[in-house]
Structures are given as structure tokens and as C-alpha cells.
Undergrad: 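I'd like to ask some things about the structure below.
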Amino acid sequence: MMELYPEIYSCIGCNACTKACTQNLNVMQYIAYAQRGELEKCAEESFDCVSCGCCTVRCPAGISHPMVGLLARRLTGKYIEPESKHLTKRVEEIHEGAYDELIEQIMQKPITEMQELYNNREIEK
């Protein structure tokens with residue numbers, strides 16, 4: 001992490017990044033986690049980042065906060081978190097064409113019905 005984004009060590013602690021965040025994230029905190037190599041904490045703290053860049057343009061140290069958070073999330077997902085067996089199985093099913101007919105049926109539905117399906121979907125916790 002430190003080799004890819006050495007500018008994170010230039011942080012002066014001004015908190016301009018956090019104040020500028022459109023998602024009300026504690027941006028300075030997730031950069032501090034990245035500085036300490038705590039990728040899981042950085043990934044969790046930056047999870048809701050939408051990469052708008054408001055924090056970056058306000059940063060006097062030139063830190064690319066969204067990219068630091070994105071890297072932490074990617075590294076955490078690839079190397080730290082356990083493999084999600086149900087997700088791996090689902091991807092295989094998709095590649096095998098198990099959902100092609102269902103997707104085609106969904107594509108034919110009117111937009112109002114799609115909105116209703118989306119608004120009433122089951123959300124995994």
C-alpha cells in the first residue's frame with residue numbers, strides 16, 4: 001500500500017478531506033488506517049465512498065483518497081476475506097447460461113414493474 005500511494009504519509013491532519021466528503025465518511029481516519037497498513041479497517045471505513053473526488057481536490061498533500069480506499073477494498077476482498085463459496089458458485093452458473101432465459105424475461109418487463117421488483121427485493125445482510 002505504502003509503495004503504491006506514498007503520498008498518504010504526507011497527510012498533515014488538516015481534516016479538509018473529511019469535511020469535504022459528500023458521503024460524510026471519516027476520510028482522514030481511513031487514510032490513517034492505510035498508513036498503518038490496516039487494510040481491513042481502511043476498506044470498511046471507506047466502503048461507502050462513491051469516488052467523487054471532493055476530498056482529493058481539497059487535500060493540500062495531494063492524496064487520492066478514493067483510490068487508496070478502492071485499493072484497500074480490492075486487496076481485502078482478494079487476499080484477506082475468505083472466499084465466498086455461494087458467490088463463486090453463482091458466477092459459474094451465470095457463465096454456464098443458467099440465467100440467460102430469466103434475464104431475457106426481465107428485459108421484456110415494463111420499467112414500472114422493474115422498479116417495483118427492485119424496491120421490494122430481498123436484501124442480503
Side-chain angles (χ1 to χ4, degrees):
M1 186 75 137
M2 57 191 112
E3 297 86 19
L4 295 172
Y5 293 102
E7 69 270 18
I8 64 175
Y9 298 105
S10 301
C11 178
I12 60 170
C14 67
N15 212 28
C17 53
T18 299
K19 291 175 186 170
C21 183
T22 60
Q23 295 295 98
N24 295 317
L25 302 179
N26 191 342
V27 181
M28 194 171 82
Q29 180 61 60
Y30 79 70
I31 294 301
Y33 288 140
Q35 289 171 330
R36 293 192 299 266
E38 298 180 60
L39 296 182
E40 285 177 281
K41 288 182 179 180
C42 179
E44 186 176 334
E45 194 74 32
S46 68
F47 188 80
D48 289 327
C49 176
V50 295
S51 299
C52 67
C54 289
C55 52
T56 300
V57 297
R58 297 291 307 273
C59 181
I63 298 171
S64 180
H65 309 79
M67 295 300 101
V68 172
L70 178 61
L71 179 60
R73 293 189 301 276
R74 286 181 173 177
L75 291 173
T76 297
K78 175 116 177 112
Y79 299 109
I80 299 172
E81 290 293 317
E83 180 184 346
S84 175
K85 300 290 185 192
H86 73 281
L87 180 59
T88 302
K89 181 177 183 281
R90 181 59 48 94
V91 170
E92 288 173 7
E93 292 170 351
I94 290 168
H95 285 300
E96 292 167 357
Y99 299 96
D100 290 352
E101 187 178 322
L102 180 61
I103 290 171
E104 195 56 44
Q105 290 172 6
I106 289 172
M107 296 296 287
Q108 303 305 316
K109 292 185 182 295
I111 192 71
T112 54
E113 190 176 338
M114 291 301 297
Q115 290 169 333
E116 187 68 25
L117 286 170
Y118 177 80
N119 290 333
N120 295 308
R121 73 195 183 283
E122 186 177 321
I123 299 175
E124 183 179 332
K125 303 262 182 205

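Note that the coordinates shown come from a computational prediction; the quantities given were computed from them, not determined experimentally. When a residue number appears, it is its place in the shown sequence, counting from 1. Side chains included, hydrogens not; waters and symmetry mates left out as well; all remaining heavy atoms used.
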Undergrad: Hey, quick one: are Val27 and Leu4 part of the same hydrophobic cluster, counting side-chain heavy atoms closer than 4.5 Å, chains of contacts allowed?
TA: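 As far as the 4.5 Å side-chain criterion goes, Leu4 and Val27 are connected within one cluster.
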Undergrad: Glu83: which residues meet the salt bridge (charged side-chain N to carboxylate O under 4.0 Å, His left out) condition with it, sequence neighbours left out?
TA: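 Residues passing salt bridge (charged side-chain N to carboxylate O under 4.0 Å, His left out) with Glu83: Lys85.
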Undergrad: Considering all heavy atoms of both residues, which atom of Thr56 and which atom of Ser64 are nearest to each other, and what is their separation?
TA: OG1-CA, 3.7 Å
Undergrad: Out of curiosity, does Met67 fall in the hydrophobic cluster containing Tyr79 (side-chain heavy atoms, cut-off under 4.5 Å, transitive links)?
TA: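 Tyr79 clusters together with Met67.
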Undergrad: Would a distance-only check, ignoring hydrogens and angles, find a side-chain to backbone donor-acceptor pair under 3.5 Å from Tyr30 to Val68?
TA: no
Undergrad: Output the distance between atom CD (Glu45) and atom CG (Leu25), rounded to the nearest 0.5 Å.
TA: 7.5 Å
Undergrad: Which residues pass the salt bridge (charged side-chain N to carboxylate O under 4.0 Å, His left out) test with Glu93, sequence neighbours left out?
TA: Lys89, Arg90
Undergrad: Measuring from atom OG1 of Thr18 to atom CD of Gln29, what distance do you get when rounded to the nearest 0.5 angstrom?
TA: 8.5 Å
Undergrad: For the CG atom of Leu87 and the CD atom of Glu92, what is their distance to the nearest 0.5 Å?
TA: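 Reported value, rounded in 0.5 Å steps: 10.0 Å.
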Undergrad: If I take atom OH from residue Tyr9 and atom CD1 from residue Ile31, how far apart are they, to the nearest 0.5 angstrom?
TA: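 One finds 10.5 Å between OH of Tyr9 and CD1 of Ile31.
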Undergrad: Check Gln23 against Asp48 and note the closest heavy-atom contact, atom names and distance.
TA: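 Scanning both residues, the minimum pair turns out to be NE2-O, 3.3 Å.
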Undergrad: Could you report the tightest heavy-atom contact between Met28 and Cys11, atom names first, then the distance?
TA: CG-SG, 4.3 Å
Undergrad: Quick check: closest heavy atoms across Ile8 and Ile63, and the distance to 0.1 Å?
TA: CA-CD1, 3.9 Å
Undergrad: Out of curiosity, His65 NE2 to Cys42 SG, how far, rounded to the nearest 0.5 Å?
TA: 10.5 Å
Undergrad: Side chains of Asn119 and Gln115: donor-acceptor distance under 3.5 Å anywhere?
TA: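 There is no such pair (donor and acceptor under 3.5 Å, judged by atom type) between the side chains of Asn119 and Gln115.
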Undergrad: For Gln105, I'd like to know if atom CD has over 12 heavy atoms of other residues, nucleotides or ligands within 6.0 Å.
TA: yes
Undergrad: At their closest point, which heavy atom of Arg58 faces which heavy atom of Ala20, and how far apart are they?
TA: CG-CB, 3.6 Å
Undergrad: Taking the side chain from Arg73 and the backbone from Gly69, do they hold a donor-acceptor pair closer than 3.5 Å?
TA: yes
Undergrad: To the nearest 0.5 Å, tell me how far Leu71 CG sits from Ser46 OG.
TA: 10.0 Å
Undergrad: Leu75 and side chain to side chain contact (heavy atoms under 4.5 Å, CB included): which partner among Ile80, Leu39, Leu70?
TA: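 That would be Leu39; it is the only one of Ile80, Leu39, Leu70 passing the side chain to side chain contact (heavy atoms under 4.5 Å, CB included) with Leu75.
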Undergrad: When Ile, Leu, Val, Met, Phe, Trp and Tyr are grouped by side-chain heavy atoms lying under 4.5 Å apart, directly or through other members, which residues fall in the same group as Ile106?
TA: Ile94, Tyr99, Leu102, Ile103, Met107, Met114, Leu117
Undergrad: Is it the case that more than 12 heavy atoms not belonging to Arg36 sit under 6.0 Å from its CZ atom?
TA: yes
